[in-house]
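Working notes, structure below.
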Amino acid sequence: MKRIITVTVLNQSGVLNRVTGLLMKRQFNIESITVGHTIQPDISKMTFVVNVEDEQKLEQLLKQLQKQVDVLKVNDITEKQIVVRELALVKVVSPPAVRAEINSIVEPFRASIIDTGKNVVTFQVTGSPEKIDAFIDLIKPYGIKELTRTGVTAFVRETQKVNTPQLSILK
Amino acid sequence: MMKLTVEETEQVYEEPITAEAPMQLNGADVFIETLHKHQVEVIFGYPGGAVLPIYDALYKNPIKHILARHEQGAIHAAEGYARVSGKVGVVIATSGPGATNLVTGIADAMMDSIPLVVFTGQVATTVIGTDAFQEADIIGITQPITKHNYQVKDVADFPRIINEAFHIASTGRPGPVVVDIPKNMATSMFVTSKEESQEVNLPGYQPTTTPNFLQIQKAAQAISTAKQPLILAGAGVLFAKASDELAAFAEKYQIPITNTLLGLGSIEGNHPLFLGMAGMHGTYTANMAIQTCDLLINVGARFDDRLTGNLNYFAPNAKVVHIDIDPAEIGKNVPTEIPIVADAKEALEALLAQDSPNGNTAAWLESLNVSKEQYPFHYQASEERGLLPQQVLELVHEYTNGDAIVTTDVGQHQMWTAQYYKFRSPHNWVTSGGLGTMGFGFPAAIGAQLAKPTAKVVSIVGDAGFQMTLQELSLLQELRIPVKVIILNNQALGMVRQWQETFHGERFSQSLIPVQPDFVKLAAAYDIKGYKIETFEDAKLQLKEALESDEPVLIDCRVVQKECVYPMVAPGKGLHEMIGVKPE
């Protein structure tokens, strides 16, 4: 099962390395990871997506992360009401003859053109990873020359509908 | 007038102009001062280019420094010192090879939760990352094997980093902390200020030491209804100095106790409620108690695989209570019904304060006592067979009255020591448990002796492990501390040989060492008295003499090569499937 985990850390050199190293040592494969400052310049927040098979392994992962001296807070937000966003840049083969057609296809995605060349157009698209997958599927037949995705960043919504499960240790 | 060089001009310029002129020190001086503040009495180390400024400061303001003959010797000695003194062990090595030679000791300290602060030199910040002479990325290398690590990037941070390093190493679950010091940080000028706070402020590091009251109540409730409860006590009891509370707890609720390898000494070896060590080479009684108990109270142990055997069969009927200061250990290997995150001492005190009734454990204790009688450790001695390692250990126990500090490496000699030496008190047992490090025991004994100069320190080593760090005989020669080195010499990597005999059809691939140095002559080369013992009769006389000596002594015991450690839980088997429980 895919989990979205946010980690609030002190913004010190080597922290990212420490967190990813820990995951590597315990054989977790990171699907995506994003890091950036919070409103406090000395505190950063990471969002990462990992595939974890069972609950016990997940709990172990959260505890091991929490154990790091530079880590302030660890949250598994997968089952909460959250906002999740990802950015993708897609360079598509787009000769003038089909450009209008492509534009009309991507319009519902609210993707914007951020660069054009003679035969290519670069789109920027943001949204949930599923939306970006759908966008890419749609545009693929025209020929994708280059694609880069940022990985997801996320946090919990202000209003929560359901309670989320707790670590067994807190029960 | 002499012309000032650029460097000198800069120094003059840096002199701060304030009303109350603060003292000018360089990083190395601040380093030594901060160690003094932490009451560091002894440093184990080895100098080199990158730490020259620090050694220069040591020359001016001496703290006792032990010059090991290899960095690995230095760090194992520091581990022995830390384990026995209860203080933080301090190690210094230079950059590159000096630092990488410490890696085994750092990993060892991490696995066994030993508090160390390890200072490594580093090339100057101006050349870090250029593959400079003697440069190694020790922060990257030690990240997975330290509790935390630091590189000093600004000399102003130096005292704070050292304070934090000592705090992190010694609190919560202890462990090693590495502080990497670029050479120019040791030479940069540091401006002291009186307002500087000594308080450690680490928002991300707040170990929980006080147990949750509800969980304590739940545990007490479980104890009062259990018919076959069992305590498994690990090294966490020793770190928390909770031996008295452990004994009181066991006695109050009449619960039998077993130990992990590293927990030995947390309860007196002859205590009527003690079942002996559990695990791969533990007692049959202890292992069967784990398999049949209905309540397992783990105090400060981490359910290592050498203890649990195959987890699928481990403690099938037991409700598990796990007391540990490290929440990440709870539920890691064994599902836990009642988790208690706390210091072992506080948790046991809280449990003692509960006035819940005892479960009736009389029948359970009776059956365990019968089992203890029926299944003791056993060996078959005869004159023709020659000297057995178990005999040597029984004699060592007898002559030292169970009071000696005993250190070992890993392997057969370690298991026999755990089986046959009955520890009477905590902190008398120093062994490499988690990492299983050959070469650990001898230097650790030197550190242990320095921590307790009046104690009898015995290092039980194998002939192979001893040869990994025997250069530290130089330290014995130099310091004249009365460490007794007892080599259980079977001319083999004993445990490897045993496994090859049992699991690899007696194909003894690279495990026999028929050509050994003459250890007695080797000792003589270091001006240390040596004994060679080949028979039980020799052992009785000479071992006594050697152990009574107040000088360093090396004793080469030529023991039977074919002797195996029994009983044993084979890898992949459950604790109930022990082999070699009774003599064949």
Side-chain angles (χ1 to χ4, degrees), chain A residues 5-30 35 37-46 50 52-76 165-171, chain B residues 107 110 128 137-154 157 161 164-165 167-169 171-173 175 177-178 180 200-208 212 214-215 218 311 320 322 324-342:
Chain A
I5 291 161
T6 61
V7 186
T8 312
V9 298
L10 291 176
N11 184 12
Q12 278 164 9
S13 79
V15 173
L16 178 63
N17 198 0
R18 216 177 276 283
V19 168
T20 52
L22 186 153
L23 290 167
M24 185 180 76
K25 181 185 167 198
R26 293 179 188 269
Q27 296 197 304
F28 291 103
N29 189 19
I30 305 172
V35 195
H37 288 290
T38 61
I39 194 152
Q40 289 162 275
D42 56 339
I43 292 178
S44 289
K45 200 161 167 186
M46 302 177 185
V50 277
V52 190
E53 315 92 77
D54 63 69
E55 229 167 86
Q56 205 187 332
K57 266 195 103 180
L58 173 67
E59 183 165 330
Q60 184 57 209
L61 169 66
L62 301 180
K63 284 170 165 177
Q64 291 292 345
L65 283 168
Q66 186 68 65
K67 221 168 115 167
Q68 298 297 311
V69 171
D70 289 332
V71 170
L72 300 174
K73 205 171 176 185
V74 182
N75 270 326
D76 176 5
Q166 289 183 311
L167 299 182
S168 70
I169 193 171
L170 298 172
K171 274 176 197 162
Chain B
M110 184 68 178
I128 286 179
D137 171 19
I138 203 66
I139 292 298
I141 291 169
T142 62
Q143 210 160 64
I145 52 168
T146 46
K147 192 168 168 190
H148 197 54
N149 61 16
Y150 292 93
Q151 188 171 59
V152 182
K153 294 195 175 75
D154 181 345
D157 293 334
I161 287 176
E164 288 180 6
H167 178 72
I168 293 169
T171 54
R173 177 179 182 178
V177 179
V178 165
D180 197 34
V200 172
N201 176 25
L202 291 167
Y205 176 74
Q206 307 286 341
T208 307
N212 177 303
L214 279 175
Q215 301 289 27
K218 271 195 210 169
L311 279 170
V320 175
H322 191 166
D324 206 302
I325 197 153
D326 179 358
E329 284 306 336
I330 299 177
K332 187 175 86 175
N333 297 331
V334 172
T336 300
E337 277 83 3
I338 306 174
I340 300 175
V341 180

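Letters go in sequence order (proteins before strands), and every chain restarts at 1.
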Check each atom of A:Val71 against the heavy atoms of chain B and say whether the ones under 4.5 Å are side chain, backbone, both or neither. backbone
In this structure, CD1 of B:Ile330 is separated from OG1 of B:Thr336 (nearest 0.5 Å) by 6.5 Å
Engaged part of A:Gln12 at the chain B interface, taking heavy atoms whose separation is under 4.5 Å: neither
Taking atom CD as the centre, does A:Gln27 end up with more than 12 heavy-atom neighbours from other residues, nucleotides or ligands that are less than 6.0 angstrom away? no
Tell me, for A:Ser13 versus chain B, whether the close heavy atoms (under 4.5 Å) come from the side chain, the backbone, both or neither. side chain
Chain A contact via B:Asp326 - side chain, backbone, both or neither, heavy atoms under 4.5 Å: side chain
Side-chain touch B:His148/B:Glu164, heavy atoms, less than 4.5 angstrom: no
Side chains of A:Val19 and A:Asp70 in contact at under 4.5 Å (non-hydrogen atoms): no
